[in-house]
Amino acid sequence: QVQLEESGGGLVQAGDSLRLSCAASGRTFSSYAMGWFRQAPGKEREFVAQISWNGGYTYYADSVKGRFTISRDNAKNTVYLQMNSLKPEDTAVYYCAASRAFREYPTGYNSWGQGTQVTVSS
(Lines give C-alpha, C1' and ligand atoms only; values in the text may rest on other atoms or scores of the structure.)
Protein backbone atom coordinates (compact mmCIF):
# COMPACT_ATOMS: atom_id res chain seq x y z
CA GLN A 1 0.00 0.00 0.00
CA VAL A 2 0.97 3.61 -0.46
CA GLN A 3 1.23 6.10 2.42
CA LEU A 4 -0.69 9.35 1.92
CA GLU A 5 -0.59 12.73 3.64
CA GLU A 6 -2.95 15.60 2.87
CA SER A 7 -2.27 19.29 3.39
CA GLY A 8 -3.69 22.65 2.42
CA GLY A 9 -6.93 22.74 4.34
CA GLY A 10 -8.09 25.78 6.25
CA LEU A 11 -10.80 28.33 6.97
CA VAL A 12 -11.99 30.40 4.02
CA GLN A 13 -15.00 32.49 3.07
CA ALA A 14 -17.66 31.53 0.58
CA GLY A 15 -16.46 32.21 -2.95
CA ASP A 16 -12.80 31.75 -2.08
CA SER A 17 -10.43 29.18 -3.50
CA LEU A 18 -8.23 26.58 -1.85
CA ARG A 19 -5.83 23.96 -3.15
CA LEU A 20 -5.35 20.68 -1.35
CA SER A 21 -2.29 18.52 -1.84
CA CYS A 22 -1.73 14.86 -1.13
CA ALA A 23 1.81 13.56 -1.00
CA ALA A 24 2.39 9.85 -1.50
CA SER A 25 5.31 7.73 -0.42
CA GLY A 26 6.88 4.99 -2.48
CA ARG A 27 8.03 4.58 -6.04
CA THR A 28 4.79 3.17 -7.42
CA PHE A 29 2.62 6.28 -7.21
CA SER A 30 2.10 6.38 -10.96
CA SER A 31 0.49 2.94 -10.85
CA TYR A 32 -2.36 4.14 -8.62
CA ALA A 33 -5.56 5.90 -9.48
CA MET A 34 -6.09 8.68 -6.96
CA GLY A 35 -9.24 10.07 -5.48
CA TRP A 36 -10.51 12.76 -3.16
CA PHE A 37 -13.36 12.11 -0.76
CA ARG A 38 -14.92 14.21 1.98
CA GLN A 39 -16.90 13.72 5.15
CA ALA A 40 -19.03 16.42 6.72
CA PRO A 41 -20.12 16.25 10.37
CA GLY A 42 -22.92 13.75 10.83
CA LYS A 43 -22.70 12.55 7.23
CA GLU A 44 -21.16 9.61 5.46
CA ARG A 45 -17.95 9.93 3.51
CA GLU A 46 -18.66 10.86 -0.10
CA PHE A 47 -16.76 10.80 -3.36
CA VAL A 48 -15.48 14.13 -4.70
CA ALA A 49 -13.15 13.43 -7.64
CA GLN A 50 -10.76 10.88 -9.06
CA ILE A 51 -7.99 10.75 -11.61
CA SER A 52 -6.46 7.92 -13.58
CA TRP A 53 -2.86 6.74 -13.38
CA ASN A 54 -1.52 9.11 -16.01
CA GLY A 55 -4.04 11.89 -15.43
CA GLY A 56 -5.79 11.27 -18.70
CA TYR A 57 -9.21 10.62 -17.19
CA THR A 58 -11.03 12.42 -14.40
CA TYR A 59 -14.45 12.06 -12.84
CA TYR A 60 -16.26 14.39 -10.46
CA ALA A 61 -19.25 14.35 -8.19
CA ASP A 62 -22.07 16.47 -9.58
CA SER A 63 -21.89 18.73 -6.54
CA VAL A 64 -18.36 19.91 -7.40
CA LYS A 65 -18.31 19.63 -11.18
CA GLY A 66 -17.17 22.90 -12.75
CA ARG A 67 -15.76 24.21 -9.46
CA PHE A 68 -13.15 21.63 -8.44
CA THR A 69 -10.25 20.29 -10.49
CA ILE A 70 -8.20 17.20 -9.68
CA SER A 71 -4.69 16.88 -11.07
CA ARG A 72 -1.52 14.94 -10.37
CA ASP A 73 2.22 15.27 -10.76
CA ASN A 74 3.73 11.80 -10.89
CA ALA A 75 7.26 13.21 -10.75
CA LYS A 76 6.39 14.71 -7.35
CA ASN A 77 4.21 11.82 -6.14
CA THR A 78 1.46 14.34 -5.47
CA VAL A 79 -2.20 14.73 -6.32
CA TYR A 80 -4.01 18.06 -6.02
CA LEU A 81 -7.55 19.28 -5.62
CA GLN A 82 -8.11 22.86 -6.73
CA MET A 83 -11.33 24.11 -5.20
CA ASN A 84 -12.88 27.31 -6.53
CA SER A 85 -16.11 29.11 -5.69
CA LEU A 86 -16.27 27.36 -2.36
CA LYS A 87 -19.62 27.09 -0.61
CA PRO A 88 -20.46 26.51 3.05
CA GLU A 89 -21.75 23.05 2.08
CA ASP A 90 -18.20 22.15 0.99
CA THR A 91 -17.18 22.19 4.66
CA ALA A 92 -15.80 18.76 5.51
CA VAL A 93 -12.70 16.74 6.23
CA TYR A 94 -11.11 15.96 2.88
CA TYR A 95 -9.29 12.67 2.34
CA CYS A 96 -7.16 11.47 -0.50
CA ALA A 97 -7.07 7.80 -1.36
CA ALA A 98 -5.35 5.41 -3.72
CA SER A 99 -6.67 2.54 -5.78
CA ARG A 100 -5.16 -0.04 -8.13
CA ALA A 101 -8.34 0.06 -10.18
CA PHE A 102 -9.97 2.86 -12.14
CA ARG A 103 -13.60 2.87 -13.25
CA GLU A 104 -16.13 5.60 -13.95
CA TYR A 105 -17.40 4.99 -10.41
CA PRO A 106 -14.89 5.01 -7.52
CA THR A 107 -13.67 1.51 -6.70
CA GLY A 108 -10.93 -0.24 -4.81
CA TYR A 109 -9.79 2.71 -2.70
CA ASN A 110 -7.97 1.02 0.16
CA SER A 111 -5.17 3.42 1.10
CA TRP A 112 -6.24 6.59 2.87
CA GLY A 113 -4.65 9.70 4.30
CA GLN A 114 -5.52 11.17 7.67
CA GLY A 115 -7.60 13.99 6.21
CA THR A 116 -7.44 17.77 6.19
CA GLN A 117 -10.19 20.08 7.42
CA VAL A 118 -11.81 22.56 5.05
CA THR A 119 -14.20 25.07 6.57
CA VAL A 120 -16.12 27.54 4.43
CA SER A 121 -17.86 30.38 6.21
CA SER A 122 -20.85 32.19 4.76
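Counting from 1, the numbers follow the sequence of the chain as shown.
Rounding to the nearest 0.5 Å places CZ of Phe37 at 12.0 Å from OH of Tyr95. Taken to the nearest 0.5 Å, the OG atom of Ser31 stands 12.0 Å off from the CG atom of Asn54.
The disulfide bond (SG atoms under 2.5 Å apart) analysis of residues 60-120, with sequence neighbours excluded, yields the pairs Cys22-Cys96. Counting only residues at least two apart or on different chains, no disulfide bond (SG atoms under 2.5 Å apart) pair has a member in residues 33-86. Listed by first and then second residue, the side-chain hydrogen bond (donor to acceptor under 3.5 Å, both in side chains) pairs involving residues 7-25 are Ser17-Asn84 (not counting sequence neighbours). Sorted by first then second residue, the salt bridge (Lys or Arg N to Asp or Glu O under 4.0 Å) pairs that include residues 43-57, not counting sequence neighbours, are Arg38-Glu46. Residue pairs meeting the disulfide bond (SG atoms under 2.5 Å apart) criterion with at least one partner in residues 53-87, sequence neighbours excluded, are absent. Residue pairs satisfying the salt bridge (Lys or Arg N to Asp or Glu O under 4.0 Å) criterion with at least one member in residues 47-71, sequence neighbours excluded, are listed as follows: Asp62-Lys65, Arg67-Asp90. Screening residues 68-89 for salt bridge (Lys or Arg N to Asp or Glu O under 4.0 Å), with sequence neighbours left out, gives no hits. Among residue pairs with one or both ends in residues 36-81, none qualify as disulfide bond (SG atoms under 2.5 Å apart); sequence neighbours excluded.
At least one donor-acceptor pair under 3.5 Å links the side chain of Ser99 to the backbone N or O of Gly108. Put simply, the side chain of Glu6 gets close to the backbone of Gln114: a donor and an acceptor are under 3.5 Å apart. Remark: the backbone N or O of Gly9 is paired with a side-chain donor or acceptor of Thr116 at under 3.5 angstrom.
Taking all atoms of both residues into account, the shortest heavy-atom contact from Ser122 to Ala14 is CA-CB, 4.4 Å. Here the closest non-hydrogen pair linking Gln117 and Ala92 is NE2-O, 3.4 Å. Taking all atoms of both residues into account, the shortest heavy-atom contact from Trp53 to Ser30 is CB-O, 3.3 Å.
Hydrophobic cluster membership of Tyr94, counting Ile, Leu, Val, Met, Phe, Trp and Tyr whose side-chain heavy atoms lie under 4.5 Å apart directly or via other members: Val2, Leu4, Val12, Leu18, Leu20, Phe29, Tyr32, Met34, Trp36, Val48, Ile51, Tyr60, Val64, Phe68, Ile70, Val79, Leu81, Met83, Leu86, Val118, Val120.
Annotation: salt bridge (charged side-chain N to carboxylate O under 4.0 Å, His left out) contacts of Arg100 (sequence neighbours excluded): none. For Tyr109, the side chain to side chain donor-acceptor pair (under 3.5 Å) test picks out Gln50, with sequence neighbours left out. Listed by chain and residue number, nothing satisfies the ring pair (Phe, Tyr, Trp, His ring centres under 6.0 Å) test with Tyr80 (two or more places apart in sequence, or in another chain).
The neighbour count for Gln39 CD, taken as heavy atoms of other residues, nucleotides or ligands under 6.0 Å away, is above 12.
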